[in-house]
Every structure is written in structure tokens, then in C-alpha cells.
*Asks:* 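Dropping the structure in here first, questions after.
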Amino acid sequence: MTAMFSRVVMKLSKLPLIPCMPTLKNRLKHESLFLCYCGFPSLIRSFSQTPKVYQLNKKISHLIRSGRLSEARDLFDSMNERTIITWNSMINGYVQRREMAKACQLFNEMPKRDIVSWNLMISGYISCHVGRYIEEGKKLFDQMPERDFVSWNTMISGYAKNGRMDEALKLFNKMPERNIVSWNAIITGFLLNGNVALAIEFFKKMPKRDSASLSALISGLIQNGELDVAARILHEYGNIDEGKEDLVHAYNTLIAGYGQKGRVEEARHLFDQIPNYKGQTDVGKNKFKRNIVSWNSMMMCYVKVGDIVSARDLFDKMIERDTFSWNTMINGYVQISAMEEASTLFAKMPNPNTFSWNSIISGFAQIGDLKLAKDFFERMPHKNLISWNSIIAGYEKNEDYKGAIKLFSRMKLEGHRPDRHTLSSVLSVSTGLVDLYLGRQVHQLVTKTFIPDVPINNSLITMYSRCGAIIEARYIFNEMEPKKDVISWNAMIGGYASHGFAAEALELFELMKSKVHPTYISFISVLNACAHVGLVEEGKRQFHSMINEYGIMPRVEHFASLVDIVGRHGQLEEALDLINNMPFEPDKAVWGALLGACRVHNNVELAQVAAEALIKLEPESSAPFVLLYNMYADLAQWDDAEKVRVSMERRSIKKQTGYSWVDSSNCHR
DNA sequence: GTAGGGTTAG
């Protein structure tokens, strides 16, 4: 009874003051209002306010809604007549901004409070999402003279969202009467805490459900990875034929859920089940119809699987589009790199927001057009952290390390705090520059800013080992226990291999095989390690084990290593055999390995073959000429040496200092 | 659209 009555009051309180009652309908309204006044003195006060106060209250709430809190406070202070709603609105303003001290001050100052005042304060404390504040909320809840559904439900959802389901359930069981919102709060709580089974049990047990119950369950199930369960629930409880309930939320959620998993056909099936009404704006009371979110979600599904044609088809068919629709479409083009279409759409789009600008920037960065990326970056009106991260990552990926560093300093100067994405890029910059000093600084910044996750730790390992600080790399690797992925192992083994610690690389590789499945990259490092210390048989064994035991097809890098291994051991004919029989066109690493081996074993004939192949692949490189020249000089074949020098001069190639094939061929990643 | 609770795409 109380529940029904309070619902009536809620409805009526939305009605404006009625100056006269010419119609029967209005008279009924008035009489019901009168009834309510009798039971709820606070409502009499609310409704007996003068039109002036009503207007000013409205103004305050409007100011708060548009984020102009201080203006609202000025207006509040200037009012000489205030109602409870005036106070409550102002308190609400502070509660929204989580300024609980100010809210609390007003709450204490106000001459009379009603249930809403208390509820506002409770919800403020709850939303702070800090453990001790929830207790402040509970204190108020216990103190308040009377409670309604909102009081109970606020408190329940507060506990549920803080993972304290025991307390939430205690209140749920204690409350005199429960409504749909109480049940929804409990179900959401279970889902937040990963208790799928109880969430479903409560959902089935609740006496009455609404579309929010279904939406909450569906989205929670998807967040718990239970996509198929969610689909079954929707099938069972989402009665399309009724058409009264606003099912489109639940449908949209599931469409997006399928999209995340790339199950685009199932998403489309759902999308097609939602009535479209082909552009009719007024389809009566039927709320179950496609809305802009349905279209956007379906588009996202197509974008996700790279089906840009279908996405565009939907985009073109949409009767109205919002910023989200445009961004999804632009992002779709960005993801398949086709940038012309993306920038055309961007130019056509009515109100590009920061998200749109960021998409365009990272798109141009992706295709290596740093100039355009930077252009857009400088022109955009509001740069956020993602904008900075996109442009810095773009510079890093395109190996403009100095540019990346410059942007990073500027970003800090302009008052943006780097996050893990920023620092990951700057870490890669340190690796690219082989700048241990910078790398250490970034490492410190990482430690200060957040707890490093697996990808960041992997970048740290790579940075330290690439900079030669192998002990520090190993330290990070050990600290990661037990959270390592295959990249961590590859980074560490690669670090050992490239610095000649073959024994350590092989030992770690044996350990790796007992924990995770190696990848082709692991084998590049292992072969590399074998090459370094001349482990010929071990190298061959690993090469065959990769193919036969791990089913990994050898790539040109593996062949380059193998050529290096056998060639250095003096088996130059076998090395040449390998090159002639490998299933790829040999690249510069392969010929470089052979040339290096020829130099070691003074095989000038074969060296000539390798050098010629290299010159064909890289006509502007001086390395093969220099190596060949040195070989002839060593053998005192001065005529041949002179020929090489002349030929090099004819091609106007200058000797690059500090460059040698023997070194570079050992530096595979 | 004068104040408070549960749900929806990035």
C-alpha cells in the first residue's frame, strides 16, 4: 500500500500547479493532489511555493545540469525565499561533483529536511566508491526518520557495487517491501562480483521484471564472458511479440556482445529481429524498434571484423546519424588503413569531437604519414591524453625517435600526466635509440605511476637487453613470476642470444618449453645463440625440432641463421646449398651470413657470389665492397682489390664507418 | 527538464 501510494505521489509531484480545474480530468488530478497533501506535509510545502521560487529552483537545477555549479550557488545565496527543493537541488549539485563537505554543510544548515535530502546525501557518500564513505552513508541511513524505496535501494546498490554482497543482501532481506529496482540492484551486484549463477537465480525468482532487469542481466553476463547464456536468456525472456517493453536495450547489448567476439552473423540476426518501421517516426506506443544505438552497434560489429562494405551500407541507410555513427565509420576506414575515405568522411562530418580527431591522427600515423598526422594534431581544438598517446606512438612506430621525445616533453610541459600507453611508447623509443639513460628514467616513471603490467614489463626487458643491461633485464624477467607470457620469454632469450650468452639462452629455452609453447621468434633467438658460439649440431637439431616437433614453418630468418651456423663452421658449400634450396628468395641477411662466413674462411670465390647478390639487393650499401676489398687485400690480390675500389667509386658509394656485415648479421631480432 | 535508486554502443 505504501509503495503504491508513494508511486502515486511521485507521479503527481511531476505535475505543475493547476490554477483552475475546468475539466473533469483536471479535477481528478487536483483531488488526488489534495489527498496526497494530507499524508505528506512536505509536499504541501513543495507545492505551496510561489511561482517565483519555482522559476528560480528551475534555474538552479538547469545551471547545475550544465555544469555551472558556482553560478547556481550564487543564485542560491541571493534567494531570500527558499523551499526544500531549493536546498535539495543545491545539495544535489555538490553531490554530483562529489564535493561532500559542501553538501554536508548545506544539509546541516537547512531548516527542514525531507526524505529526498537524506537520500541525496546517502547517494553522494555511496558514489564516492571509497570504503569508508559507504559507512558514512550507512550512518545517515540508520539515522533518518523514515525511509522509502530509494533510501533502501541506494544503500543496497552501494554495498553491491563495493563488492559487499553480504551487507547488500542483509538490507534486501530486511527491507519491508521490495520493488523491481531492489531486485535489479542485487542482480547487478552478483554480476559485478562474478556470481553468474546467483544472478540468474534471483532474476528467475523476482516476481516482476522490467526491461532494465533484462538489460542488466544481459550486459552483466556478457561482461562475465557468458555470451551464449546471455543469448539464451534473451531468447527466453525477451518476448518480442508483446512489444510493450523497451527490449531494444537488451538487444543492443547482445549485438555489441556478439560484435566483440566477431560473431557478426548472429549479431545481424538480432539486428534484423528489431522492427525498423522504415523511417516512420511515429509508430505508436511500440517502443521496440531500432534506435541509433542499434545501428551504431551493428556497424561496429562489421568494423570489428573488417567488413567495411557492410558497415558502410548500414551507415548510408541510417536516417539519422550521431557523432558516434560517424566516428565508428571513420574508425572502420582507419583500421583497414583505405585513409582517403576516412578523411573524406571526417571533412563531411558535422561536429567532429576529440575521438574523431584522434582516429584521423592515428590513421595517418599508421600509414606512416607523420606530416599529416602532426598537421591534424596541431589543428585539433581539444587534445586529450589519447591524442598525445596517438601522435607519440605514431612517431615511435615510424622510428622518428627524436620527434617522439620532443612531443613527450611538450606533453608534460602542457600538464598532461603520461599513462601506461604513453610510457610504453617512450620505452620503445629508448629501445630504438639504444639509450639506457633514457630507458632508466622511463622505468622510474613507470614505477612511480602504476604497477607495471605484462606488456610494460616485456618492453622493459627488451629495452634493458637491447641496451646491453642484461642483468637488469633478467631481474625484471624474474620479478614477473608467475605472470609471464610468450613475449616475455622471447624477449629474454633474444636478449641473451644477441649478446652472446648462448648457454643462458639455451638453458632458458629449455625451461620455456616446459611452460609455454615457443613461437617462430623463440627459434630465431635460439638459432642465433647457436650461431654465436658455433654450436653446429645443436643448431641443426633445433631447426628440425621447430619443424617436426612444434609444427612451425621456417621463415627466411631461420634460414639466415642456419646459413650463418654452417657457414661459420666452414661448411660453405652446405651453406650455399641451403640458400639455393630454401623456399624463399634469399634476403640480405642470408647473403650477409654467407659473406661473413666466406670472410672468416677466406673463400674469395664464394664471397664474390654473395657480394654480388648483396649489391643487387642493396646497391647503395658499401659493406659488401669493403669486405671484398679487404679479402683481396689480405690475399695480396691487389689487382682484384683495385677493381672493387674502382667499381665502388664508379657507383659513387662512400665507405660507411663503423659498419660491418659480420656484426650486423648477428643482430637478428 | 524543480531534488534522490537499478539498465544501453566507444
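If you're wondering where the values come from, they're calculated on a predicted model, not measured in any experiment. By convention in this document, chain letters (A, B, ...) are assigned in the order of the sequence lines, proteins followed by strands, and residues within each chain are numbered from 1.
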*Asks:* Take the protein atom CE of A:Met79 and the nucleotide atom C1' of B:dA3, then report the distance between them rounded to whole Å.
*Replies:* 13 Å

*Asks:* From the options B:dG10, B:dA9, B:dG6, select the nucleotide whose nearest atom is closest to the side chain of A:Ser157.
*Replies:*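 Nearest listed nucleotide: B:dG6.
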
*Asks:* Give one of base, sugar-phosphate or nothing for A:Ile115, where a contact means two heavy atoms less than 4.0 Å apart.
*Replies:*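 Since a base atom lies under 4.0 Å of A:Ile115, the category is base.
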
*Asks:* Counting side-chain heavy atoms from CB outward, which of B:dA3, B:dG6, B:dA9 is closest to A:Phe324?
*Replies:*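 Of the candidates, B:dA9 comes closest.
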
*Asks:* Donor-acceptor pair under 3.5 Å: do we get one between A:Asn179's side chain and the base of B:dG6?
*Replies:*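 No pair found.
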
*Asks:* For A:Lys170, give me all partners under side chain to side chain contact (heavy atoms under 4.5 Å, CB included), at least two apart in sequence or on another chain.
*Replies:* A:Glu167

*Asks:* So which nucleotide from B:dA3, B:dG6, B:dT2 ends up closest to the side chain of A:Tyr54?
*Replies:* B:dT2

*Asks:* In whole angstrom, give the distance that lies between atom CD1 of A:Ile330 and atom C1' of B:dG10.
*Replies:*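 These atoms are roughly 13 Å apart.
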
*Asks:* How many whole angstroms separate atom CG of A:Leu221 from atom P of B:dT8?
*Replies:* 12 Å

*Asks:* Under 3.5 Å, is there a donor-acceptor pair between the A:Asn331 and A:Thr328 side chains?
*Replies:*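 No, no side-chain donor-acceptor pair sits under 3.5 Å.
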
*Asks:* How are the rings of A:Phe364 and A:Phe376 set relative to one another: parallel (under 30°), tilted (30 to 60°) or perpendicular (over 60°)?
*Replies:*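 Rings of A:Phe364 and A:Phe376: parallel, as their planes differ by under 30°.
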
*Asks:* Between B:dA9, B:dG10, B:dT2, which nucleotide gets closest to the side-chain atoms of A:Asn327?
*Replies:*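 That would be B:dG10.
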
*Asks:* Is it the case that the base of B:dG6 and the side chain of A:Asp210 share a donor-acceptor contact (distance under 3.5 Å, atom types as modelled)?
*Replies:* yes

*Asks:* Is A:Trp152 stacked against the base of B:dG5, taking the criterion as centroid distance under 5.5 angstrom and interplanar angle under 30°?
*Replies:*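 No, the aromatic ring of A:Trp152 does not stack with the base.
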
*Asks:* My understanding is that only residues two or more places apart in sequence, or in another chain, count here; which of them pass side chain to side chain contact (heavy atoms under 4.5 Å, CB included) with A:Asn193?
*Replies:*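 Scan of A:Asn193 (side chain to side chain contact (heavy atoms under 4.5 Å, CB included), adjacent residues dropped) gives A:Met165.
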
*Asks:* Between P on B:dT7 and NZ on A:Lys161, what's the gap in Å once rounded to a whole number?
*Replies:* 5 Å

*Asks:* Of the nucleotides B:dG6, B:dA3, B:dT8, which has the atom closest to the A:His249 side chain?
*Replies:*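 The answer is B:dT8, which lies nearest to the side chain.
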
*Asks:* Using the side-chain heavy atoms of A:Ser123, tell me which of these nucleotides is nearest: B:dA9, B:dT7, B:dG5.
*Replies:* B:dG5

*Asks:* For the pair A:Tyr125 and A:Tyr133, name the ring-plane relationship: parallel under 30°, tilted 30 to 60°, perpendicular over 60°.
*Replies:* parallel

*Asks:* Between B:dG1, B:dG10, B:dT7, which one does the side chain of A:Met300 approach most closely?
*Replies:* B:dG10

*Asks:* Output the rounded distance in Å from CD1 (A:Ile218) to P (B:dT8).
*Replies:* 11 Å

*Asks:* Just N and O in the side chain of A:Ser219: are any of them under 4.0 Å from OP1 or OP2 of B:dT8?
*Replies:* yes

*Asks:* Which one, B:dA9, B:dA3, B:dT7, comes nearest to the side chain of A:Ser297?
*Replies:* B:dA9

*Asks:* Check whether any side-chain heavy atom of A:Glu177 lies under 4.5 Å from a side-chain heavy atom of A:Trp152, and answer yes or no.
*Replies:*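 No, their side chains stay 4.5 Å or more apart.
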
*Asks:* Which nucleotide, B:dT2, B:dA3, B:dG5, lies nearest any side-chain atom of A:Asn57?
*Replies:* B:dT2

*Asks:* Output the rounded distance in Å from CD1 (A:Ile126) to C1' (B:dG6).
*Replies:*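 The distance from CD1 of A:Ile126 to C1' of B:dG6 comes to 13 Å, rounded to the nearest Å.
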
*Asks:* Who are the side chain to side chain donor-acceptor pair (under 3.5 Å) partners of A:Tyr159, not counting sequence neighbours?
*Replies:*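 Listed in chain order: nothing, the list is empty.
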
*Asks:* Is any side-chain nitrogen or oxygen of A:Gln96 closer than 4.0 Å to OP1 or OP2 of B:dA3?
*Replies:* no

*Asks:* Is A:Ile180 touching bases, backbone alone, or none of the nucleic acid, heavy atoms closer than 4.0 Å?
*Replies:* base

*Asks:* For A:Arg65 and B:dA3, is the shortest distance between a side-chain N/O and OP1 or OP2 below 4.0 Å?
*Replies:* yes

*Asks:* For A:Tyr251 and B:dT7, what is the distance between atoms OH and P respectively, to the nearest whole Å?
*Replies:*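 My rounded result for the distance is 21 Å.
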
*Asks:* Given B:dA9, B:dT2, B:dA3, identify the nucleotide with an atom nearest to the side chain of A:Ile85.
*Replies:* B:dT2

*Asks:* Please state how far atom CZ in A:Phe271 lies from atom C1' in B:dA9, giving the value in whole angstrom units.
*Replies:*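 About 13 Å, once rounded to whole Å.
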
*Asks:* So, does A:Ser89 get its side chain near the phosphate of B:dT2, meaning an N or O under 4.0 Å from OP1 or OP2?
*Replies:* no

*Asks:* Quick check on contacts: within residues 331-348 of chain A, what sits under 4.0 Å from DNA chain B by heavy-atom distance?
*Replies:* none

*Asks:* A:Ser182: what forms a side chain to side chain donor-acceptor pair (under 3.5 Å) with it, not counting sequence neighbours?
*Replies:*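 In terms of side chain to side chain donor-acceptor pair (under 3.5 Å), with neighbours along the sequence ignored, A:Ser182 is linked to A:Asn153, A:Asn179.
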
*Asks:* If you go through the side-chain atoms of A:Asn88, does one of them form a donor-acceptor pair with the base of B:dA3 closer than 3.5 Å?
*Replies:* yes

*Asks:* Mind checking what makes side chain to side chain donor-acceptor pair (under 3.5 Å) contact with A:Ser337, not counting sequence neighbours?
*Replies:* A:Gln366

